[in-house]
Amino acid sequence: MRTSAFHLVTRKETPQDAEIISHQLMIRAGLIRKLGAGLYTWAPLGLRVLQKIENIIREEMNAAGALEMLMPAVQPKELWEETGRIDDFGGQLLAIHDRAERDYFFGPTHEEVITDFVRNEINSYKQLPINFYQIQTKFRDEIRPRFGVMRSREFIMKDAYSFHMSHESLVETYEAMKQAYTNIISRIGLDFRCVLADSGAIGGSGSQEFHVIADSGEDAIMYSDSGDYAANIEKCEAVGLIAERQAPGAELSKVHTPEQKTIEEVANFLNVDKTQTVKTLLVEGVEQPVALVVRGDHNLNEVKASNLLAVASPLRMLNDDEIKAVANCDAGSIGVKDLACHIIVDRTVANMSDFVCGANDSGYHLTGVNWERDAQFHEVQDIRDAQVGDPSPDGVGTLQQARGIEVGHIFQLGNKYSKAMNAVVLNEQGKSQAMEMGCYGMGVTRMVAAAIEQNHDDKGIIWPSNIAPFTVAILPMNYQKSERVRRAADELYETLLAQGVEVILDDRKVRPGFMMSDFELLGIPHQVIIGDRALDENEVEYRNRIDMESKRINRDTMASFLVDQLKA
RNA sequence: CGGAACGUAGCGCAGCCUGGUAGCGCACCACAAUGGGGUUGUGGGGGUCGGAGGUUCGAAUCCUCUCGUUCCGACCA
């Protein structure tokens with residue numbers, strides 16, 4: 001490709017609304033342009049990257065035995081009524097209607113559509129197992145789209161759905177998909193981690209996420225410093241930190257704590273460690289309000305909490321009036337003694353003794369509180385975030401934390417959808433049986449942003465060579481005027497093209513500095529600079545985008561040198 | 001969803017407070033010089049000032065409504 005025949009529009013200035021580096025660089029390099037909130041146009045340059053990722057995904061999915069297909073992006077509302085997922089997805093669903101006022105959703109995911117396809121298409125156990133996938137545009141009306149294509153509303157996803165006669169067969173495909181995902185992200189060239197995950201609105205039993213490690217990641221992932229355990233913090237089991245509850249050692253006493261509301265303030269005021277305090281959070285319950293109790297220095301894990309039977313989902317904190325009705329005090333003074341609601345305590349809290357909590361009387365706290373003697377709880381659950389330094393739940397090592405960008409998520413769905421939609425096949429005994437199902441998603445557009453987050457410097461993008469829009473850039477110095485430079489550049493260009501190298505030749509009439517800065521921003525892995533200086537010695541110059549060190553190479557061997565570099 | 005801010009040329013912004021015929025930088029077009037790190041000069045094209053309504057002799061500027069965008073927040077207990 002010659003730049004004169006391509007669309008290359010770069011910007012020197014950082015766009016004002018781009019927060020994270022990948023978004024800034026994607027706009028500056030001209031990969032994407034914004035159309036509206038969470039809506040992006042992929043320019044030819046960006047599309048080349050996108051398609052490389054798609055092709056790697058295709059190759060690995062095909063190799064794992066999955067079959068590519070394509071479903072409609074627009075889905076009839078009736079399908080979603082069958083599974084009752086409209087409420088689960090809530091406002092994220094983009095509702096549309098046609099001229100006859102029929103209701104549709106623009107698909108945020110395709111479990112319903114594929115299950116409908118399969119229930120009509122598959123009748124016998126002999127046709128199973130089978131795994132379908134597609135690469136397609138989705139729409140999720142995010143509350144707050146941000147970070148460019150990292151969290152956009154319209155995006156491209158690879159989604160796969162497998163169907164089975166047994167759980168064992170499902171697990172087999174699940175493991176194959178896990179391996180395929182590992183292969184895909186490795187081939188793209190990113191540093192990633194597979195972690196245990198909550199299955200959220202998709203549902204099902206087991207699920208794991210694939211995270212590209214990056215400081216700008218929206219998720220916190222916890223991992224053992226010496227073992228294999230790794231989990232999203234939403235899911236990461238938080239072990240009880242106190243092995244055995246001590247017998248009460250202090251008198252219960254009520255102390256005046258005026259204006260001391262936060263745990264920090266109360267602990268300082270009473271001169272105790274935060275680990276000797278508990279906080280009581282009142283949330284909406286299924287039948288009655290629920291108190292969730294965690295140690296003062298711990299965070300409530302909202303995902304774990306909303307998964308509890310007694311707690312309403314999604315999680316909602318009670319407002320001041322509701323708190324008053326339950327605890328008869330302001331929010332800053334809620335405590336566990338004589339609290340008339342269902343009380344669920346964290347594992348660590350269950351074994352605390354002589355602790356501090358609110359007195360259910362505004363401006364007062366209790367000290368020396370002990371379970372059984374002073375207060376009772378109804379359930380012990382894991383409801384806090386695991387934190388750095390906790391023992392790993394599998395007993396091996398200590399937990400550490402990193403930030404991750406979720407680029408893939410695989411689920412064992414079981415028969416949630418097949419039962420709801422009556423997707424059955426006849427088994428060997430000729431009896432109807434609901435199919436077991438798995439689903440496997442991968443964010444294609446997000447992968448581009450993740451790749452940049454992990455591979456850039458202050459000059460621009462540094463593409464991993466497997467997804468670079470071009471692998472070689474030829475930068476001629478004074479192409480317009482120097483006959484000799486032009487001939488050398490054209491010749492190398494033609495030679496590389498003939499060998500199937502994805503090469504871009506900059507034949508624009510721009511000055512050298514401008515050209516070099518542009519290609520540093522663009523991040524093309526291999527760059528060849530052709531100028532009169534080196535040509536005097538029949539040489540041209542090679543630079544790798546990673547180290548940017550110049551190497552003089554004989555003009556006649558440059559093509560083969562590059563081909564070797566590309567193989568490496 | 002709650003809070004805040006911002007909408008003036010493709011991009012980044014000034015002008016608004018104190019109303020008087022719209023400006024700067026980048027980008028773009030032409031010409032010339034330059035030709036190994038975003039070069040320079042001269043000339044040029046491009047804007048219903050987000051939209052609607054109001055106040056006024058007169059509105060980018062003041063008022064009201066509306067649309068859009070962005071940021072922050074959604075555990076004080």
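Quick note on labels: first sequence line is chain A, next is B, and so on, each numbered from 1.
The C1' atoms of B:rG51 and B:rA60 are separated by 14 Å, rounded to the nearest whole Å. Annotation: B:rA52 and B:rG45 have their C1' atoms spaced 31 Å apart (nearest Å).
By the 30° and 60° cut-offs, the orientation of the rings of A:Tyr364 relative to A:His256 is tilted.
In terms of position on RNA chain B, the residue among A:Leu300 and A:Thr10 whose nearest nucleotide sits closer to the 5' end is A:Thr10. When each of A:Gly513 and A:Thr262 is assigned the nucleotide of RNA chain B with its nearest heavy atom, A:Gly513 is the one assigned upstream, toward the 5' end.
A:Asp330 comes within 4.0 angstrom of no nucleic acid atom, judged by non-hydrogen atoms across all strands. Across all strands shown, A:Arg295 has no heavy atoms under 4.0 Å from either base or sugar-phosphate atoms. Using a 4.0 Å heavy-atom distance criterion, A:Glu264 is classed as making no nucleic acid contact. Within 4.0 Å of A:Asn319, counting heavy atoms only, lies no atom of the nucleic acid at all. A:Arg11 comes within contact range of the sugar-phosphate backbone alone, with a heavy-atom separation under 4.0 Å but no base atom that close. Nucleic acid contact class of A:Glu19 (heavy atoms, under 4.0 Å, all strands): sugar-phosphate only. Nucleic acid contact class of A:Gly358 (heavy atoms, under 4.0 Å, all strands): none. Base contact: A:Glu13 has a heavy atom under 4.0 Å from a base atom. A:Arg384 comes within contact range of no nucleotide atom at all, as no heavy-atom separation falls under 4.0 Å.
When rounded to the nearest whole Å, the span between NZ of A:Lys34 and C1' of B:rC71 equals 12 Å. Distance, A:Glu322 CD to B:rC76 P: 16 Å, rounded to whole Å. With rounding to whole Å, A:Glu265 atom CD is found 8 Å from B:rA77 atom P. For the pair A:Lys279 NZ and B:rC76 P, the interatomic distance rounds to 8 Å; values are reported in whole Å. Taking atom CZ of A:Arg316 as the reference point, atom P of B:rA74 lies 17 Å away to the nearest angstrom. Between A:Asp17 atom CG and B:rC71 atom P the separation is 7 Å, expressed in whole Å. Following rounding to the nearest Å, A:Asp141 (CG) and B:rC1 (P) show an atom-to-atom distance of 10 Å. The separation between A:Lys337 atom NZ and B:rA77 atom P is 22 Å, rounded to whole Å.
Closest to the A:Lys481 side chain, of the nucleotides B:rG36, B:rU34, B:rA77, is B:rU34. Of the listed nucleotides (B:rU70, B:rU39, B:rA74), B:rA74 has the atom at the smallest distance from the side chain of A:Ile143. Proximity note for A:Ser517 (side chain, C-beta onward) versus B:rG38, B:rA77, B:rG36: the nearest is B:rG38. Between B:rG35, B:rC71, B:rG37, one nucleotide has an atom nearer to the side chain of A:Glu520 than all others, and that is B:rG37. When each of B:rA77, B:rC75, B:rG38 is scored by its nearest atom to the side-chain atoms of A:Ala331, the top-ranked nucleotide is B:rA77. The side chain of A:Glu302 sits closest to B:rC75 out of B:rU70, B:rG38, B:rC75. Nearest to the side-chain atoms of A:Phe514 among the listed nucleotides B:rG38, B:rU69, B:rA77 stands B:rG38. You'll find that the side chain of A:Gln16 is closest to B:rC13, out of B:rC13, B:rC71, B:rC75. Here the side chain of A:Ile529 is nearest to one of B:rC13, B:rC76, B:rG36, namely B:rG36. Picking from B:rG38, B:rG10, B:rA77 the nucleotide with the shortest atom distance to the side chain of A:Lys12 gives B:rG38.
Side-chain atoms of A:Asp532 and base atoms of B:rG35 include no donor and acceptor less than 3.5 Å apart. Put simply, the side chain of A:Arg511 and the base of B:rU34 share a donor and an acceptor less than 3.5 Å apart. Counting atom types as modelled, A:Glu541 pairs a side-chain N or O with a base atom of B:rG36 as donor and acceptor under 3.5 Å. One cannot find a donor-acceptor pair under 3.5 Å joining the base of B:rG36 and the side-chain atoms of A:Arg552.
The partner of B:rC13 is B:rG23, judged by Watson-Crick or G-U wobble contacts that both fall below 3.5 Å. Applying the Watson-Crick and G-U wobble criteria (two distances, each under 3.5 Å), B:rU56 pairs with nothing in any strand. B:rA30: Watson-Crick or G-U partner is B:rU42, with both key distances under 3.5 Å. Within the shown strands, B:rG73 is the pairing partner of B:rC1 under the Watson-Crick or G-U definition, both distances less than 3.5 Å. Checking B:rG36 for Watson-Crick or G-U wobble geometry (two distances, each under 3.5 Å) identifies no partner in any strand.
Side-chain contact, A:Asp198 with A:Asn307: a donor N or O sits under 3.5 Å from an acceptor N or O. If you check the side chains of A:Tyr493 and A:Asp507, you find no donor sitting under 3.5 Å from an acceptor. A donor atom on one side chain and an acceptor atom on the other are found under 3.5 Å apart for A:Glu209 and A:Asn232.
Between A:Asp532 and A:Lys481, none of the side-chain N atoms (NZ, or NE/NH1/NH2) sits under 4.0 Å from a carboxylate O, so this pair counts as no salt bridge.
Checked against A:Met477 for a side-chain contact (heavy atoms from CB on, under 4.5 Å), the options A:Arg511, A:Met516, A:Arg533 give a single hit: A:Met516. Of the options A:Glu453, A:Gln454, A:His23, a side-chain contact (heavy atoms from CB on, under 4.5 Å) to A:Ser216 is made by A:Glu453 and by none of the others.
More than 12 heavy atoms of other shown residues, nucleotides or ligands fall within 6.0 angstrom of atom CD1 in A:Ile86.
When the side-chain nitrogen and oxygen atoms of A:Lys509 are compared with OP1 and OP2 of B:rG35, none of them lie within a distance under 4.0 Å.
By the 6.0 Å and 45° rule, A:Arg48 stacks over the aromatic ring of A:Phe470.
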